[in-house]
Amino acid sequence: MLKGILAISGQSGLFKLVAESKNSIIVESLDTQKRIPVYSSAKVSALEDIAIYTYEGDIPLKDIFKSISDKEEGGQSLSPKASGNELKAYFEEVVPEFDKDRVYVSDIKKVLNWYNSLQEKDLLDFTAPEEDTEEKKDSEE
(Lines give C-alpha, C1' and ligand atoms only; values in the text may rest on other atoms or scores of the structure.)
Protein backbone atom coordinates (compact mmCIF):
# COMPACT_ATOMS: atom_id res chain seq x y z
CA MET A 1 0.00 0.00 0.00
CA LEU A 2 2.76 2.49 0.92
CA LYS A 3 5.31 1.06 -1.50
CA GLY A 4 6.73 3.79 -3.72
CA ILE A 5 5.15 6.66 -1.74
CA LEU A 6 7.79 9.15 -0.63
CA ALA A 7 8.13 12.20 1.60
CA ILE A 8 10.86 14.61 0.51
CA SER A 9 12.43 17.08 2.93
CA GLY A 10 11.79 20.66 1.83
CA GLN A 11 8.85 19.67 -0.41
CA SER A 12 5.24 19.77 0.69
CA GLY A 13 2.98 16.79 0.12
CA LEU A 14 3.70 13.22 -0.87
CA PHE A 15 5.26 11.83 -4.04
CA LYS A 16 5.06 8.62 -6.02
CA LEU A 17 8.26 7.09 -7.35
CA VAL A 18 8.06 7.04 -11.16
CA ALA A 19 11.55 6.13 -12.37
CA GLU A 20 15.17 5.85 -11.31
CA SER A 21 18.17 7.16 -13.18
CA LYS A 22 21.90 7.08 -12.54
CA ASN A 23 22.08 10.00 -10.10
CA SER A 24 18.44 10.91 -9.40
CA ILE A 25 14.92 9.61 -9.15
CA ILE A 26 11.85 10.96 -10.90
CA VAL A 27 8.85 11.48 -8.65
CA GLU A 28 5.30 12.64 -9.27
CA SER A 29 3.44 14.82 -6.79
CA LEU A 30 0.23 13.19 -5.55
CA ASP A 31 -1.34 16.65 -5.32
CA THR A 32 -0.35 18.31 -8.62
CA GLN A 33 0.71 15.28 -10.73
CA LYS A 34 3.84 17.24 -11.75
CA ARG A 35 7.00 15.22 -12.20
CA ILE A 36 10.30 16.43 -10.81
CA PRO A 37 13.81 14.99 -10.47
CA VAL A 38 15.12 14.39 -6.95
CA TYR A 39 18.87 14.16 -6.53
CA SER A 40 20.87 12.10 -4.06
CA SER A 41 21.54 15.19 -1.90
CA ALA A 42 17.82 15.42 -0.98
CA LYS A 43 16.51 13.68 2.13
CA VAL A 44 13.92 11.20 0.88
CA SER A 45 11.89 8.94 3.18
CA ALA A 46 9.74 6.05 1.99
CA LEU A 47 6.51 5.91 4.00
CA GLU A 48 6.80 2.13 4.27
CA ASP A 49 10.07 2.60 6.22
CA ILE A 50 8.68 5.10 8.74
CA ALA A 51 7.59 4.00 12.21
CA ILE A 52 6.29 5.76 15.32
CA TYR A 53 8.02 5.37 18.69
CA THR A 54 6.11 3.53 21.40
CA TYR A 55 7.13 2.51 24.91
CA GLU A 56 7.51 -1.13 23.76
CA GLY A 57 9.25 -0.49 20.39
CA ASP A 58 8.14 1.01 17.09
CA ILE A 59 4.85 0.72 15.18
CA PRO A 60 5.02 0.87 11.35
CA LEU A 61 3.18 3.76 9.73
CA LYS A 62 0.83 1.41 7.87
CA ASP A 63 -0.44 0.07 11.22
CA ILE A 64 -1.04 3.63 12.45
CA PHE A 65 -2.97 4.38 9.24
CA LYS A 66 -5.02 1.20 9.78
CA SER A 67 -5.87 2.31 13.34
CA ILE A 68 -6.93 5.75 12.11
CA SER A 69 -9.02 4.18 9.34
CA ASP A 70 -10.71 1.84 11.83
CA LYS A 71 -11.46 4.74 14.20
CA GLU A 72 -12.82 6.94 11.40
CA GLU A 73 -14.52 4.06 9.55
CA GLY A 74 -12.48 4.78 6.43
CA GLY A 75 -13.02 8.55 6.53
CA GLN A 76 -10.76 11.54 7.09
CA SER A 77 -8.92 11.95 10.40
CA LEU A 78 -8.90 14.96 12.70
CA SER A 79 -7.58 18.05 10.94
CA PRO A 80 -3.80 18.45 11.36
CA LYS A 81 -4.55 22.14 12.02
CA ALA A 82 -6.24 21.34 15.34
CA SER A 83 -4.58 22.47 18.59
CA GLY A 84 -1.62 20.56 19.99
CA ASN A 85 -3.66 19.20 22.90
CA GLU A 86 -6.44 17.99 20.57
CA LEU A 87 -3.87 16.30 18.31
CA LYS A 88 -2.20 14.53 21.24
CA ALA A 89 -5.55 13.37 22.63
CA TYR A 90 -6.66 12.10 19.20
CA PHE A 91 -3.34 10.31 18.61
CA GLU A 92 -3.57 8.72 22.06
CA GLU A 93 -6.95 7.25 21.08
CA VAL A 94 -5.43 5.83 17.89
CA VAL A 95 -2.08 4.70 19.35
CA PRO A 96 -2.44 4.60 23.16
CA GLU A 97 1.13 3.36 23.68
CA PHE A 98 2.94 6.06 21.64
CA ASP A 99 5.99 7.57 23.37
CA LYS A 100 4.86 11.03 24.45
CA ASP A 101 8.45 12.18 25.03
CA ARG A 102 9.76 11.27 21.56
CA VAL A 103 6.70 11.81 19.33
CA TYR A 104 6.14 15.54 18.86
CA VAL A 105 3.01 17.43 17.77
CA SER A 106 4.77 18.13 14.45
CA ASP A 107 5.12 14.36 13.91
CA ILE A 108 1.43 13.82 14.66
CA LYS A 109 0.52 16.60 12.19
CA LYS A 110 2.61 14.92 9.46
CA VAL A 111 1.04 11.51 10.08
CA LEU A 112 -2.50 12.93 9.98
CA ASN A 113 -1.69 15.04 6.93
CA TRP A 114 -0.25 12.02 5.10
CA TYR A 115 -3.21 9.84 6.12
CA ASN A 116 -5.75 12.42 4.90
CA SER A 117 -3.86 12.90 1.63
CA LEU A 118 -3.65 9.16 0.91
CA GLN A 119 -7.24 8.58 1.99
CA GLU A 120 -8.49 11.41 -0.22
CA LYS A 121 -6.71 9.89 -3.24
CA ASP A 122 -8.04 6.42 -2.33
CA LEU A 123 -4.51 5.00 -1.95
CA LEU A 124 -5.13 3.29 1.40
CA ASP A 125 -5.84 -0.41 0.96
CA PHE A 126 -5.56 -2.47 4.10
CA THR A 127 -6.68 -5.78 2.56
CA ALA A 128 -3.68 -6.46 0.29
CA PRO A 129 -0.96 -6.97 2.95
CA GLU A 130 -3.15 -9.36 4.92
CA GLU A 131 -3.83 -11.44 1.80
CA ASP A 132 -0.08 -11.66 1.09
CA THR A 133 0.49 -12.82 4.66
CA GLU A 134 -2.22 -15.46 4.34
CA GLU A 135 -0.75 -16.72 1.05
CA LYS A 136 2.69 -17.04 2.65
CA LYS A 137 1.25 -18.97 5.60
CA ASP A 138 -0.57 -21.34 3.22
CA SER A 139 2.55 -21.97 1.12
CA GLU A 140 4.69 -22.65 4.23
CA GLU A 141 2.35 -25.40 5.49
Side-chain angles (χ1 to χ4, degrees), residues 1-21 23-141:
M1 164 185 68
L2 297 178
K3 193 166 179 71
I5 305 294
L6 309 171
I8 302 170
S9 182
Q11 301 281 336
S12 64
L14 294 172
F15 298 84
K16 179 172 57 172
L17 178 65
V18 176
E20 295 181 40
S21 66
N23 55 2
S24 69
I25 58 174
I26 307 298
V27 296
E28 182 179 284
S29 169
L30 293 181
D31 295 329
T32 64
Q33 278 69 47
K34 286 187 179 179
R35 293 183 178 193
I36 60 168
V38 177
Y39 299 97
S40 57
S41 60
K43 187 173 185 311
V44 178
S45 302
L47 292 194
E48 65 185 341
D49 297 336
I50 296 175
I52 297 295
Y53 296 118
T54 66
Y55 294 115
E56 287 84 40
D58 297 341
I59 296 180
L61 195 56
K62 66 177 179 164
D63 294 347
I64 305 275
F65 286 168
K66 173 96 172 88
S67 296
I68 294 171
S69 179
D70 291 347
K71 178 180 176 11
E72 300 299 337
E73 297 176 359
Q76 293 277 303
S77 72
L78 175 71
S79 169
K81 295 179 181 174
S83 74
N85 290 336
E86 287 178 297
L87 291 170
K88 285 180 184 176
Y90 179 84
F91 209 68
E92 194 165 2
E93 289 177 35
V94 175
V95 189
E97 66 277 11
F98 85 95
D99 189 335
K100 290 158 191 65
D101 296 327
R102 298 196 301 174
V103 178
Y104 301 107
V105 171
S106 60
D107 300 325
I108 296 171
K109 284 182 179 185
K110 274 186 202 172
V111 168
L112 296 180
N113 215 349
W114 291 341
Y115 171 84
N116 287 339
S117 179
L118 292 170
Q119 192 275 336
E120 186 179 290
K121 307 225 176 333
D122 210 22
L123 294 173
L124 294 173
D125 181 13
F126 300 107
T127 57
E130 293 169 9
E131 290 171 3
D132 292 344
T133 307
E134 291 297 318
E135 288 172 16
K136 287 179 185 173
K137 285 180 184 173
D138 291 343
S139 63
E140 289 173 0
E141 291 176 3

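Under the side chain to side chain donor-acceptor pair (under 3.5 Å) criterion, the residue pairs touching residues 88-97 are K71-E93, E72-Y90, with sequence neighbours excluded. Listed by first and then second residue, the ring-ring contact (aromatic ring centres under 6.0 Å, His included) pairs involving residues 55-88 are F65-Y115 (not counting sequence neighbours).
With sequence neighbours excluded, no residue forms a ring pair (Phe, Tyr, Trp, His ring centres under 6.0 Å) with Y53. Here S106 pairs with Y104 under the side-chain contact (heavy atoms from CB on, under 4.5 Å) rule; sequence neighbours left out. For N116, the side-chain contact (heavy atoms from CB on, under 4.5 Å) criterion is met by Q76, S77, P80, not counting sequence neighbours.
Interatomic distance, OG of S69 versus CG of L118, reported as 11.5 Å (0.5 Å rounding). Rounding to the nearest 0.5 angstrom, the gap separating the NZ atom in K62 from the CG atom in D125 is 12.0 Å. Atom CD of Q119 sits about 12.5 Å away from atom CG of L112, to the nearest 0.5 Å. Rounded to the nearest 0.5 angstrom, I64 CD1 and I108 CD1 are separated by 10.0 Å. From I52, atom CD1 reaches atom OG of S67 across 11.5 Å, with rounding to the nearest 0.5 Å. Expressed to the nearest 0.5 Å, how far OG1 of T32 lies from CZ of F15 amounts to 7.0 Å.
With E48 as the partner, the side chain to side chain contact (heavy atoms under 4.5 Å, CB included) test is satisfied by one option alone out of L6, L61, L2: L2.
Smallest separation of non-hydrogen atoms from I50 and S45: CD1-CB, 4.1 Å. Scanning both residues, D58 and T54, for their nearest heavy atoms gives N-OG1, 4.0 Å. Nearest heavy-atom pair across A82 and E86 is CB-OE1, 3.5 Å. The shortest non-hydrogen separation linking S79 to L87 is O-CD2, 3.6 Å.
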Side-chain polar contacts of residues 34-44 - donor-acceptor pairs under 3.5 angstrom, sequence neighbours left out - could you list them?
unit_1 : atom_1 : unit_2 : atom_2 : d
R35    : NE     : E28    : OE1    : 3.0
R35    : NH2    : E28    : OE1    : 3.4

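Within a 6.0 Å radius of NZ in K3, no more than 12 heavy atoms belonging to other residues, nucleotides or ligands are found.
Within the 4.5 Å cutoff, side-chain heavy atoms of V111 are placed close to those of I68.
Side chain of Q33 to backbone of L30: a donor-acceptor contact under 3.5 angstrom is found.
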